[in-house]
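Sequence lines set the chain letters: A, B, ... in the order given, protein chains first and strands last, and positions in each chain run from 1.
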Amino acid sequence: MKKFKLYDFLRKDNVAAIIFVLPFVIGLIAFLAVPMGMSLYYAFSQFNIISPPTFIGLENFRRMGSDAQLWQSVRVTFQFVLLSVPLRLAFALGIAMLLFKSTKMMGIYRAMYYLPSMLGGSVAVAILWRRLFFVTGTFNNVILEAFGLNRNFSWLGDTRTAIWTLILLAVWQFGSSMLIFLAGLKQIPETYYEAANIDGAGKIYSFFRITFPLITPTIFFNLIMQTIGGFLTFNSAFLITGGGPLGTTNFFALYMYDQTFAFHNAGYAAALAWFMLGLLAIVAGLLFGSKRFWVYEGGFS
Amino acid sequence: MKKLLSFCLVLLLGLAIFGLTSCRNDDVELVFAWWGGDMRAEQTHEVIDMFVEQSDNVDYIEGLFTSFGDHWTDLSIRAAANDLPDIVQHDVAHLLSWVEAGHLVDLTPFINDNRIDMRNVSQAATNTGRVPGHPGIYAVPTGMNVAAMLYNATLLADLGLEAPRNMTIDHFILLSREIYERSGVRTNWAFNDPFNQMNVHLRAQGAALFSGGGLGGTIEQYEQFFNVLVQGIEEGWHILPEHEAGREGSEQNPMWYPPGDENANLRVWNSPVWSNMLNGYMNDAPDGMTIGMTTYPSVNPSLGNFGRATMFLTITTHSEQQDEAAAFLNFYMNTPAVHEVILGDRGVVVNTVVATAIAPYLPEGSVRQAEFVDWVNSPGNSSPYDPLRPAGHAELLEYLRLIIEDLTRLNITAREAAERFDAAGARIFS
């Protein structure tokens with residue numbers, strides 16, 4: 001019988017590959033597949049977290065139909081995504097165009113403009129944002145004083161403005177989209193612009209006829225990623241507005257959190273999570289379906 | 001050869017991590033979770049050090065502390081993961097569901113053989129650790145607390161006004177209106193804890209917010225409650241809901257806004273909270289402001305007022321060191337030195353011997369707090385309190401806050417608010 005040798009074993013064809021892929025597979029099973037399976041079971045159970053779940057069939061899904069707060073949260077989440085994602089992408093593309101020229105300082109500018117993205121999701125910035133827009137906050141004190149307006153306007157407490165403070169924060173975190181746009185812009189061959197220039201095309205004409213069509217794949221990628229991220233927004237609403245006033249910033253993820261930890265309806269919250277998954281799949285499906293109408297699929301040569 | 005070397009290195013690293021995490025010494029370590037601010041955390045850590053120093057086998061207690069809301073979020077995650085702390089600070093609102101889920105140890109055996117010595121605590125106070133339908137005592141109260149309205153007594157003195165104890169709601173409305181008309185300072189009647197305020201309103205009429213597993217009042221009674229708010233908003237003396245949005249704790253308490261600056265029209269003169277918060281308010285108040293304390297207003301305050309045991313200590317069934325945890329509870333309940341540090345921050349001490357022993361050390365706020373709690377609890381000034389809330393109460397509270405937001409923006413009438421509240425109660429508790 002052949003003696004087992006560790007070295008020979010490791011030299012075998014597939015072993016190294018399997019070992020390298022193992023951490024990912026274990027992670028996938030432990031942190032994604034198993035939790036999803038559990039969540040699916042909870043979705044059909046009554047579960048208050050502190051006691052074991054009991055199976056109740058479709059009750060949680062039936063309940064969604066008459067849950068007015070749920071539909072309000074779906075509505076405000078859509079509102080947030082529809083406003084914040086296009087604004088952020090437009091802003092990111094605009095800044096990317098400005099930072100596209102290669103000069104000495106450009107590296108520093110790019111790093112600086114990326115900074116808000118690294119800070120944006122953090123608790124510290126959320127608290128800063130809350131203080132900024134609080135009724136006695138900095139925004140009222142400094143900016144509005146300069147114009148002599150009402151200094152006690154509550155930006156976080158008014159149903160018309162609260163969501164805009166969160167949209168502003170989301171738009172401010174344009175950095176990652178901007179970097180992707182910069183990479184996309186670099187892909188466009190310089191010769192196209194030269195040819196257009198010789199034919200007498202101006203800057204704006206070049207942008208709409210060359211840059212924009214050729215960058216649509218990048219726009220599409222950013223759109224998908226930011227839309228999914230937007231639907232899952234939690235931190236800013238949780239920390240800055242707490243879902244108020246009158247539920248106008250009570251985003252879906254926040255409502256799910258409240259159902260789980262504040263109201264102890266973890267089973268219902270799990271059902272909501274699966275509902276959200278379905279909703280996201282539909283939205284992503286629609287976006288992919290629209291791709292052939294506006295996204296450039298060809299090469300650059 | 002390189003591959004083998006790197007494999008061995010990875011293996012070694014894995015073993016090292018495993019070794020570190022499984023390395024334990026024989027001494028007992030406990031985990032204690034409570035809610036509260038920085039002041040309470042400092043005090044509690046001092047008490048923990050005292051306990052560890054005199055204990056033979058406990059050499060470390062890990063303290064987990066956070067805000068009231070996060071405390072319960074954190075604990076429910078730990079409960080689901082079978083990783084509850086040994087000792088948990090508990091609240092009446094959550095006691096019942098925790099006992100029913102089987103997470104709390106029956107302390108009766110410890111109390112019977114005085115390992116948790118309750119001989120100097122009144123039977124009534126000890127009984128607050130019981131819940132209906134279960135035979136045991138699951139919690140020991142650290143103190144007694146009463147609902148208290150803290151207010152800017154300096155402002156009222158300047159205006160020549162008074163906020164006497166057992167004010168009726170009509171008296172309170174007149175007072176609030178007069179303060180607003182003469183100084184522009186507003187009132188916060190029901191924004192801090194609308195549940196508690198509504199409960200006092202119902203108790204004053206011989207009812208209660210919860211009874212028999214559901215809501216205990218009538219639509220007419222809820223309407224009266226909401227009407228006071230509408231009146232306050234319409235006449236201008238009650239603060240507006242948007243001024244509360246994004247406010248952080250006591251630091252941005254509108255009671256502290258100075259007169260005459262740009263935020264003067266956001267000032268309030270009162271804050272409906274609890275008696276154990278007096279010391280904290282006296283610390284936070286700006287120089288020269290005296291903090292007064294009075295009862296919550298209602299149609300019949302001597303029925304509406306109540307005293308209740310508060311901030312229970314419990315031992316969880318997950319704990320493998322229940323004897324040591326019980327020793328800590330005993331230490332906390334019976335050691336005067338502990339309460340020379342805590343100074344009534346968790347309510348007025350229920351142990352009569354300890355209360356006498358620490359009396360000379362108490363600061364002004366704790367003395368006033370003790371006197372106030374005694375006064376409310378004396379016959380004729382309050383009526384018995386049923387603290388247990390049915391499951392789903394947190395969802396109803398959130399819904400009540402939404403109703404109040406709608407109402408105080410005058411989007412709905414008091415009658416509509418009452419009907420919505422009643423319907424929400426029927427739905428949640430069905």
Side-chain angles (χ1 to χ4, degrees), chain A residues 5-7 10-11 16 19 38 47-53 63 66-69 72 127 129-137 140-141 144-145 151-159 161-162 165 239-250 257-266 268, chain B residues 1 3-4 6-8 10-11 69-70 72-81 84 94 97-103 240-248 251-252 254 257 261-266 391-399 401-406 408-409 411 420 424 427-428:
Chain A
K5 272 191 179 163
L6 185 64
Y7 184 69
L10 290 174
R11 294 277 297 189
I19 288 178
M38 285 166 74
F47 180 39
N48 70 355
I49 313 185
I50 61 167
S51 307
R63 186 178 156 187
S66 58
D67 186 350
Q69 269 175 282
Q72 188 196 18
I127 288 171
W129 220 253
R130 184 167 67 186
R131 298 213 159 179
L132 197 61
F133 289 103
F134 184 58
V135 64
T136 63
N140 276 347
N141 282 342
L144 293 187
E145 190 151 1
R151 279 170 301 189
N152 289 134
F153 187 78
S154 176
W155 299 93
L156 302 174
D158 193 289
T159 49
T161 55
T165 64
L239 290 162
I240 298 169
T241 57
L246 273 175
T248 47
T249 59
N250 194 13
Y257 172 90
D258 276 347
Q259 281 292 351
T260 314
F261 295 113
F263 310 157
H264 291 130
N265 297 326
Y268 183 54
Chain B
M1 202 54 212
K3 271 185 193 166
L4 184 63
S6 50
F7 178 77
C8 287
V10 170
L11 201 73
D70 292 343
W72 299 108
T73 306
D74 186 44
L75 286 177
S76 44
I77 296 169
R78 286 168 188 275
L84 279 173
H94 296 261
S97 58
W98 276 65
V99 171
E100 284 181 344
H103 289 310
L240 302 171
E242 56 260 40
H243 293 164
E244 288 286 284
R247 188 161 78 76
E248 291 162 44
E251 207 181 318
Q252 293 177 334
Y257 292 149
D261 82 345
E262 69 265 30
N263 300 322
N265 67 335
L266 305 175
H393 65 88
E395 193 174 353
L396 185 71
L397 175 60
E398 183 60 29
Y399 203 71
R401 288 190 194 280
L402 279 178
I403 293 173
I404 287 180
E405 269 201 69
D406 245 343
T408 47
R409 288 160 200 269
N411 294 340
R420 270 201 209 178
R427 174 178 62 81
I428 291 168

### Task
Can you tell which part of A:Thr260 gets under 4.5 Å to a heavy atom of chain B, answering side chain, backbone, both or neither?
neither

#### Entry: Rounded distance (nearest 0.5 Å) linking atom NE2 of A:His264 with atom NE2 of B:His393
8.0 Å

### Query
Picking from A:Ile127, A:Leu246, A:Asp258, A:Asn265, which has the most non-hydrogen pairs under 4.5 angstrom with chain B?
A:Leu246

### Message
Side chains of B:Leu402 and A:Gln69, heavy atoms from C-beta outward: is any pair under 4.5 Å?
### Response
yes

### Summary
Counting heavy-atom pairs under 4.5 angstrom with chain A, the leader among B:Ala101, B:Gly69, B:Ala79 is B:Ala101

### Task
Tell me, with the steps shown, if B:Ile77 and A:Phe261 meet side-chain contact (heavy atoms from CB on, under 4.5 Å).
CA-CA 9 Å; B:Ile77 296 169; A:Phe261 295 113; 3.5 Å; yes

### Region of A:Tyr257 that comes under 4.5 Å of a non-hydrogen atom in chain B
side chain

### Top contributor to chain B interface from A:Ile240, A:Leu156, A:Ile50, A:Ile49 [non-hydrogen pairs under 4.5 Å]
A:Ile50

#### Entry: Distance in Å, B:His243 NE2 paired with A:Phe134 CZ, rounded so as to fall on 0.5 Å steps
9.5 Å

### Message
Just so I understand: if I count every heavy-atom pair under 4.5 Å between each of B:Arg401, B:Glu395, B:Arg409, B:Glu242 and chain A, which residue has the most?
### Response
B:Glu395

#### Entry: Approximate separation, where rounding is to 0.5 Å, of B:Glu398 CD and A:Asn250 CG
7.5 Å

### Query
Got A:Pro245 and B:Glu405 here, is their nearest side-chain heavy-atom distance under 4.5 Å?
yes

